[in-house]
Amino acid sequence: MRNASFDAMAMSDVPVNLSRRRFMLSSAGIAAGAFVLGLGVPQRSARAEATKLRGTKVPAFLEIRPDSMVRLQSPFVEGGQGTFTAMAQIVGEELDADPATFVVENAPPGDAYVVMDNGMRITGGSMSIRNGYSAMRRLGALAREMLLQAAARQFNVPVEELTTQPGRVVHAASGRSVAYGDLAHEAMSLPVPNPANVKLKEPEEFRWIGAPVPRVDVHDKSTGKVVYTVDVSVEGMLHAAVQHAPRLGMTIQGVRNEDQVRAMKGVHSTHRLPGAFAVVAERWWDAKRAAEAALIDWQEPGPDTTMRVMPADFSTEAFRKELADAHGPGEDAETRGDVVRGLKNAHTVVEATYASQYVNHAQLEPPSALARFNPDGALEVWVPNQAPDMFRADIAKRTGLPVEKIIIHSQMLGGFFGRHFLYETASPYPQAITLAKETGRPVKLIWSREEEFLRDTLRPMAAVRFRGGLDRNGIPVALEAVSATEGPTEGLNNKRGDRLDDSALEGLTGKSYDIPDRRIAQHFVKSPVMLGYWRSVGNSMNDFLYETFLDELADKGHQDPYELRLHLLRDNRRLTTLLKSVADLSGGWKRGPFTAADGSRRARGIGMASPFGSEAAAIAEVSLENGRVRVHEVWEAIDPGKVVNPAIVEAQVNGAIALGLSQVLLEETVYENGMPRARNYDGYPILALNQMPRVHVKIIESGEKMGGVGEPPLPAIPPAVVNAVSTLTGRRIRSMPLSRHDFAS
Amino acid sequence: MELTINGVQHHIDVEPDTPLLWVLRDDLKMTGTKYGCGLAQCGACTVLINGNAARSCVTPVGELGSAAITTIEAIEQDEIGQRVVAAWIRHQVPQCGYCQSGQVMAATSLLKQTPHPTDDDIRAVMVNLCRCGTYNAISAAIHDLAGDVGQEGAKK
Amino acid sequence: MTNRLKKIFAVVIPASTVLAGGTAWFVTRLPASSFENTGSQGEPSAQLMARGEYVSRLTDCVACHSVPGGAAYTGGLKMVTPMGAIFATNITPDRETGIGAYTLADFDRALRSGVAKDGHRLYPAMPYPSYAKLSDDDVKALYAYFMKGVPAVHLENRKSTIPWPLNMRWPLAFWNVVFAPSDVYRPDTSKDAQWNRGAYLVEGAGHCGACHTPRGLAFNEKGTDRHSAAFVSGALIDGWFAPSLRNDANTGLGRWSEDDVFRFLKTGRNDHAVVFGSMTEAFNNSTQFFSDDDLRAVAHYLKSLPGNAQRDGTPWQYEPTQAKALQPAGRQGIPGAQTYMAKCSFCHGADGRGQWEWVPPLAGAASSLVPDSSSSINVTLNGSGRVVAAGVPDSYRMPSYREQLSDRDIADVLTFVRSSWGNRGASVTAAEVKTLRKKTRPADSGVVVLKIN
Ligand code: FES
Ligand code: FES
């Protein structure tokens with residue numbers, strides 16, 4: 001869902017801790033608004049930015065209308081994670097305005113909206129709330145202060161005599177009050193007070209922060225009123241569709257029937273783009289059919305291509321074998337003690353290879369972009385994105401236009417899960433811009449679902465060779481994990497950095513179990529697949545790999561997996577509490593197999609994860625139905641430190657559980673002959689309602705530093721399910737998805 | 001060709017094999033009905049045709065004749081639809097919202113046919129995909145409308 | 001049609017080996033050609049070339065002799081058999097790797113007798129038993145087109161991977177004697193010209209029997225013309241059941257009018273059906289390019305072939321049997337009904353009637369009525385390839401359900417479909433689904449139209 005390195009910078013106020021994370025979103029170009037995803041970021045600028053006070057240009061964010069409705073420009077993009085509501089809660093808390101009176105929109109790019117402590121602006125990494133929290137509170141407080149000052153003038157009383165009630169300034173002494181809407185005009189033209197002098201509320205005073213405030217967008221989303229990028233329409237607009245080369249890197253050699261395509265109903269024009277053929281028409285349906293109708297001869301790329309080229313013989317099956325056979329010492333990512341000695345002295349050594357699969361984002365809104373060149377030379381682009389400044393900088397680079405001439409409209413996202421970062425080959429906006437230029441009219445390009453499945457970036461695949469050492473009591477004392485994989489950041493940069501990609505290994509690294517000798521390493525294996533960030537990134541697979549191997553170790557050592565985890569976490573109060581909470585939530589740990597009330601044989605499994613600054617533990621209860629795994633119940637405890645909106649947290653936990661289950665039960669992107677086998681949901685099923693278990697959520701506010709919420713509930717789910725299935729079947733399962741395993745016998 | 005959508009007659013000039021979805025979205029600019037797959041797989045494009053849930057991406061307009069089409073834009077004018085929307089708000093169902101036009105239409109159709117759906121009925125009929133995983137909230141909202149607490153919504 | 005013949009010779013070879021035992025003279029002799037000693041033809045006229053190109057559409061050479069993305073007629077199509085694979089050959093006029101050195105007589109012998117220039121016998125994957133009926137004029141036109149109208153491409157043929165002795169081809173000579181007709185089409189003077197033209201196209205150039213005629217023990221077509229009741233009476237080929245093209249009310253064209261047949265072959269669809277399975281390729285590359293007169297002739301002729309009421313049973317009639325069963329409460333007790341509603345009904349309708357000519361009905365469809373359920377299973381597992389009519393791809397296509405539905409689910413839903421609305425095809429077992437699942441692949445969601453020049 002983000003560049004995993006973002007939150008290293010994000011989590012540390014000052015100084016930025018660059019040592020834990022490897023790649024990052026460069027903040028070098030912040031002054032110019034130019035975010036660049038790249039290698040080797042100068043530390044200096046990040047640190048300098050981090051110390052500046054952000055988000056203080058109040059009028060850029062807030063408009064208070066005469067009816068006292070508050071229009072807030074959100075620095076974070078809404079895509080279902082509830083950030084708009086949380087922003088309204090946080091700002092509203094300090095502003096003293098009911099979140100229900102807020103209208104929240106996506107802010108344009110620009111320095112003013114760079115609010116995160118780390119000097120970046122992206123929506124991802126489950127960072128919006130935790131890293132925007134302090135700035136957005138300050139913003140609300142500053143605005144309130146300005147309203148108080150305006151009221152002081154109006155009432156001609158000292159500002160100290162004034163207080164606020166939601167939406168009003170009150171002068172208790174005289175019994176007078178005035179609505180924010182009546183003060184706004186004057187207030188917003190006052191200079192912004194010195195942020196150092198505004199006082200923030202004490203948490204005990206909170207009215208909205210921490211409450212299950214209803215979301216601001218639910219009515220519109222329940223009645224089809226929200227305008228996503230695919231829905232935007234402007235005067236004189238044409239519609240476009242493309243047919244991509246079947247394999248990345250190929251280009252058009254010829255179009256056998258271009259005249260005929262041009263003559264098809266509704267077609268305005270045809271266009272040859274790098275690696276794609278486009279049709280522009282009056283209606284998208286006509287464009288799509290014409291684009292499909294084009295009979296194109298594709299040619300292989302030349303030897304000088306700088307692109308990642310998909311070879312004609314690439315298959316995921318062969319690649320999985322290649323990864324599993326890729327023996328090598330690997331490069332250390334995390335070490336403790338001496339794993340060689342630990343394994344040598346162990347009473348028993350357990351060795352196994354576990355594997356993960358490629359997966360698609362499969363967000364329900366297909367990618368699209370609308371581009372319009374205005375008479376004044378400006379370029380407007382409507383584009384789904386998780387980082388408007390990065391997109392603007394990229395468009396500036398592509399078009400040669402100065403950033404001031406580029407207007408980015410960030411619409412609501414129809415799901416993202418990491419899909420809308422700057423993925424060069426996976427985004428329609430460069431094509432839309434070219435088409436708008438070539439036609440001289442605004443063009444909205446939508447990728448059909450088939451084109452999306454062809455060009456989406458994928459969550460990496462990995463094969464991890466584990467070696468675990470047990471002492472004579474069956475307790476793990478040494479653990480080595482060498483992951484043959486390529487990280488998403490390495491993939492995006494199409495090369496290795498000089499150090500490891502943290503987003504490849506997180507979830508193997510960062511485990512809190514007290515195993516004295518351990519070593520986590522990466523054996524880099526490049527693949528031709530375009531990689532991307534997928535909700536919970538490295539953790540989405542690595543916690544599965546680690547936590548299922550941990551169960552294998554437990555079994556080999558004749559330990560109960562729950563008791564073993566408690567033992568390995570005995571000195572960690574936060575995680576012990578978490579683990580016990582999830583067990584309590586499920587009515588007490590009960591592994592099974594046992595017979596349920598309906599007569600089915602069931603078992604439970606457990607998984608834990610520490611992603612994105614939060615902690616999560618889950619228990620899943622499964623049975624087999626006609627040879628397929630059915631998940632009946634999921635209990636999950638999550639500790640994000642502090643919570644802004646428990647209702648949203650619970651919704652996010654439900655959503656993350658659904659995605660985690662979808663991955664572990666069903667999903668796998670299969671390539672054959674260099675092409676994905678599935679081009680729509682028919683061949684790439686995702687979780688449906690009748691596969692959704694009952695979900696029980698426990699939110700723990702440990703008071704630790706605030707962590708993320710959107711991604712953290714996911715990684716514990718796959719291992720909880722697979723551990724349950726292993727218990728139920730007595731078979732050790734070492735890969736996802738479960739639909740590839742035959743449980744019929 | 002004449003189409004009756006939300007009680008209003010529209011004259012449109014398209015090939016009869018054009019999917020209703022694209023007539024709604026591009027000709028009539030009614031974009032509440034979503035495109036997700038174009039292959040009858042996701043349900044984002046669900047509308048009501050004579051009160052029954054239909055997937056507009058696989059509904060050729062030439063087949064519609066004088067059928068009464070209801071889209072999400074008019075859902076609150078429908079008595080049951082209005083209750084569904086209210087329940088969706090009570091249960092805070094949507095996340096990204098992209099699938100929700102279709103979910104609301106499907107739920108409305110279910111409740112028209114089966115005023116008191118059981119868990120099994122909900123599982124059988126609510127087959128639209130939601131990548132955000134709002135399924136339990138959907139079930140809870142429908143149970144709420146059916147006048148029972150239901151099993152699916154149970155939490156904590 | 002690309003793969004439709006690939007299974008044939010797999011059986012032919014061992015079967016014909018049994019027949020071996022004749023003299024070397026017989027098996028190595030070159031059959032006669034009517035163009036023996038015909039000298040060089042000189043530059044063919046544009047008219048002859050155009051006719052040749054048209055005949056190539058009728059005979060659908062491209063279906064086997066091109067692969068998607070490859071140059072026209074350079075061969076390469078892999079036909080996998082239990083004994084190994086063979087590859088269709090380069091038939092461009094390249095002198096070394098193609099047929100550039102072929103005289104008209106050589107060409108004729110390959111086309112109508114199945115004997116290559118060097119004397120080796122072609123596998124009857126090449127439908128020469130049907131092409132034998134081609135007229136001399138059509139052969140001449142085809143030759144002119146292949147020599148001068150098709151660009152020569154130097155591309156070596158790929159060797160078959162069938163091991164010795166199964167790769168010996170001379171036994172095929174005996175197979176030919178027994179099974180392959182060796183005479184050009186002779187008009188039936190009791191019929192009108194349109195009928196005779198239709199017969200020529202169906203029995204000869206169009207080689208419809210290659211898929212639609214059941215085969216005997218030696219994998220020979222059980223009938224090669226209208227004199228046999230077995231001719232185009234429906235056959236299982238390559239995982240698809242090619243239905244009867246005779247006047248069988250249920251499993252054939254009995255309920256179709258001549259105009260229905262015409263429209264089906266011209267546009268790929270009509271009220272009864274949409275082309276799917278192997279027929280998609282035959283339609284995309286061949287039948288739609290027939291002239292209207294020729295298609296009407298085909299329809300006219302096919303409608304003259306009597307059905308077999310005994311085999312076919314009483315004609316299907318729609319029965320609204322399932323309306324109630326498909327209500328949410330009712331369907332949960334009926335295997336397959338829930339899957340039908342969740343996966344099938346949005347396109348094919350809760351009433352099974354489909355949506356006019358865009359989505360075919362399942363009620364009364366031949367695939368729902370024939371005893372053999374292969375086509376039902378195959379299309380459900382793998383979806384349909386794109387039907388491209390007059391250059392425009394279909395608006396609606398059948399998705400693939402192999403990843404969503406288990407063998408049991410598919411067996412249940414198809415059993416439901418094949419027993420609803422008056423349908424009475426046999427029920428489907430999970431084992432049948434399992435077998436086909438292994439042998440087949442999902443259809444391509446993109447447009448595949450083979451290059452012809
Ligand atoms: S868009 Fe119609 S079902 Fe997905
Ligand atoms: S709410 Fe996002 S897809 Fe359903």
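In the text below, chain A, chain B and the rest are named by the order of the sequence lines, each starting its count at 1.
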Quick one: are [X] and [Y] in side-chain contact, heavy atoms under 4.5 Å?
X	Y	value
Arg449(A)	Tyr35(B)	yes
His219(A)	Trp88(B)	no
Asp27(B)	Arg283(A)	yes
Asn136(B)	Arg694(A)	no

Let's test your reading of the structure: which of [options] forms the most heavy-atom pairs below 4.5 Å with chain A?
options	result
Val84(B), Val14(B), Val23(B)	Val14(B)
Gly38(B), Cys96(B), Gly133(B)	Cys96(B)
Gln92(B), Glu15(B), Gln100(B), Met105(B)	Gln92(B)

With a 4.5 angstrom heavy-atom cut-off, could you sort out which part of [X] is near chain B: side chain, backbone, both or neither?
X	answer
Val226(A)	backbone
His239(A)	side chain
Leu413(A)	backbone
Ser448(A)	both
Thr223(A)	both

With a 4.5 angstrom heavy-atom cut-off, is it the side chain or the backbone of [X] that approaches chain A, or both, or neither?
X	result
Ile138(B)	side chain
Gln41(B)	side chain
Gln103(B)	neither

Steps toward salt bridge (Lys or Arg N to Asp or Glu O under 4.0 Å) verdict (Asp231(A), Lys29(B)): CA-CA 9 Å; Asp231(A) 301 326; Lys29(B) 307 274 187 281; over 6 Å; no
Top contributor to chain B contacts, counting heavy-atom pairs under 4.5 Å, from Ala658(A), Ser222(A), Gly415(A), Gly79(A):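 Heavy-atom pairs under 4.5 Å are most numerous for Ser222(A).
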Neighbour count above 12 (heavy atom, 6.0 Å) for Glu235(A) CD: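 Counting neighbours around CD of Glu235(A), 12 or fewer heavy atoms of other residues, nucleotides or ligands fall under 6.0 Å, so no.
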